[in-house]
Each structure stands twice: as structure tokens, then as C-alpha cells.
Amino acid sequence: EVVGATGEWAGALAVVITLFYLARQIRSSTNQATAEAESASHQEFIVLQGGLAEPKTLSVMRRGFHSFNALSDEDKYFFHMKLGTFINHFEGVLRRAEKGLTSASTVQTYGNVVITLVGSPGGREFWAIAGDTFQELSKDYINRHIDEGDWAAMEEMFPYFIDKGDSVDA
């Protein structure tokens, strides 16, 4: 009887130790998945940013931030595709956050970028036309926060970010 009780006690202890070990492994795995998701978000954003340096992209985006409606149809399409990539990237960030794989600060960082771009005068014109074509998470976030964007401050800090048609090429 003593041997049986000792065996049961040892078995219970082994189960508890195994549960602690598994909990630690799961926590470690979750932390690693979160770090990988955050890194992927940052790497994807760096690629998007790099694409803005191309001359045509720079020209269309700067003019589009001033007035989407003033762009030619071809440039509107181009602006839509480029700004859409930022919005779709943000949708991915929001989806990762829903799964607990992205921090609130990452959502806020990329949310601020998207709100600033969509909150520009031309971005608002674009959003009024095309906003309903985007996925639900990003669409809802933008609709809730668009008025928080401070385009005037952005324009004051970075006047070269917008082309009002008064710039002179060297």
C-alpha cells in the first residue's frame, strides 16, 4: 500500500512538473512568434517606404496628398495602389494584433502613419471615394481615427512631403 501511494505521489509530481515545463515552452514559443510577427511588420514597412523614393511614386504621392481629385485618372490609379499597400499592410498588423502577435505600440505606430497619409487633404478625398473597398479592420480603424490625424503639423514639420504645384525643380 505504501508503494502504491508513493507511486501515485510520484506520478502526480511528474504531471505537475510536466505541466510547468509545457507552460514554459508555450510561453517561450508565443514570445518567439510575437517577435517574428513584429519583425515581419517592420520589414514589410521598410520595403513599402523604400518604394516611395522612386521618382514617379514620389511625384504622384506628393501631388495626391495635396489633391487626389486633381490627379489624372492614371495617377489616381497609381496613388490608389500605393496608398492601398500601406492600408493593406496595416490590415495585416491589425490582424496580428487580434491574435496577440503584435503589440499595441506597433498598432499605434503604423496606425499613426496610415492616419497621417489618409488624413491629408488628398488622402481624405481618396478615402471618401475608395474607403469602403478596404478590409474591415483597417477601414474601421481609419474611420474611427481619421480626425485625429494632424496633417497641418505634418506639413509644417515636413513641407517637402506635399506638392501644392508651387515647387520649382532645380
Side-chain angles (χ1 to χ4, degrees), residues 31-170:
N31 289 343
Q32 182 177 354
T34 301
E36 288 172 2
E38 295 265 333
S39 178
S41 293
H42 299 317
Q43 292 304 315
E44 292 162 1
F45 187 77
I46 288 167
V47 170
L48 290 175
Q49 266 188 318
L52 291 177
E54 298 167 5
K56 177 178 179 165
T57 304
L58 184 62
S59 172
V60 171
M61 297 305 287
R62 289 181 67 227
R63 289 183 289 116
F65 290 138
H66 177 63
S67 175
F68 176 76
N69 293 334
L71 295 174
S72 69
D73 284 347
E74 180 181 326
D75 286 347
K76 284 178 183 174
Y77 175 84
F78 192 84
F79 184 90
H80 185 141
M81 292 298 109
K82 290 297 183 176
L83 186 52
T85 58
F86 281 90
I87 296 168
N88 290 331
H89 169 264
F90 184 55
E91 177 77 22
V93 170
L94 291 170
R95 287 180 186 273
R96 289 176 187 139
E98 272 192 335
K99 295 176 182 172
L101 296 174
T102 300
S103 67
S105 66
T106 296
V107 170
Q108 183 177 2
T109 297
Y110 294 120
N112 288 345
V113 170
V114 168
I115 293 301
T116 298
L117 299 178
V118 175
S120 69
R124 286 175 182 270
E125 293 170 356
F126 163 79
W127 192 250
I129 295 166
D132 285 338
T133 66
F134 288 92
Q135 297 178 62
E136 290 304 313
L137 292 177
S138 53
K139 182 171 63 174
D140 291 346
Y141 185 97
I142 292 167
N143 286 337
R144 278 194 324 271
H145 297 282
I146 193 167
D147 291 329
E148 296 171 15
D150 190 355
W151 184 257
M154 176 75 169
E155 195 174 357
E156 186 176 313
M157 286 189 306
F158 308 109
Y160 49 83
F161 206 72
I162 191 168
D163 183 352
K164 297 179 182 178
D166 56 3
S167 62
V168 177
D169 294 330

Residues pairing under salt bridge (Lys or Arg N to Asp or Glu O under 4.0 Å) where one sits in residues 113-131, two or more places apart or in two chains, turn out to be R124-D147
Please, which pairs that meet salt bridge (Lys or Arg N to Asp or Glu O under 4.0 Å) have at least one residue in residues 85-110, sequence neighbours excluded? E44-R96, E91-R95
Just by distance, do the side chain of S59 and the backbone of P55 share a donor-acceptor pair under 3.5 Å? no
Identify, with sequence neighbours excluded, every residue that meets ring pair (Phe, Tyr, Trp, His ring centres under 6.0 Å) alongside F65. F79, W151, F161
Checking H66 now: which residues fulfil ring pair (Phe, Tyr, Trp, His ring centres under 6.0 Å) with it, not counting sequence neighbours? none
Is there a side-chain contact between [X] and [Y] in this structure, where contact means two heavy atoms from C-beta onward sitting under 4.5 Å apart?
| X | Y | value |
| --- | --- | --- |
| V114 | Y141 | no |
| N69 | I129 | yes |
| L137 | F90 | no |
| Y110 | T106 | yes |

Could you measure the distance from the OG atom of S120 to the CE atom of M61? Nearest 0.5 Å is fine. 8.0 Å
With sequence neighbours excluded, tell me which residues meet side-chain hydrogen bond (donor to acceptor under 3.5 Å, both in side chains) with D132. none
Quick one: list whatever passes side-chain hydrogen bond (donor to acceptor under 3.5 Å, both in side chains) with N143, sequence neighbours left out. W127
Testing the basics here: between [X] and [Y], what is the closest heavy-atom pair and its distance to 0.1 Å?
| X | Y | result |
| --- | --- | --- |
| K56 | D75 | CE-OD1, 4.3 Å |
| E136 | K139 | OE2-NZ, 3.0 Å |
| N88 | Q135 | OD1-NE2, 4.1 Å |
| A97 | V107 | CB-CG2, 3.5 Å |
| I142 | I115 | CA-CD1, 3.8 Å |
| I87 | S138 | CG2-OG, 3.8 Å |

Could you go step by step and tell me if T57 and F78 meet the side chain to side chain contact (heavy atoms under 4.5 Å, CB included) rule? CA-CA 8 Å; T57 304; F78 192 84; 3.4 Å; yes
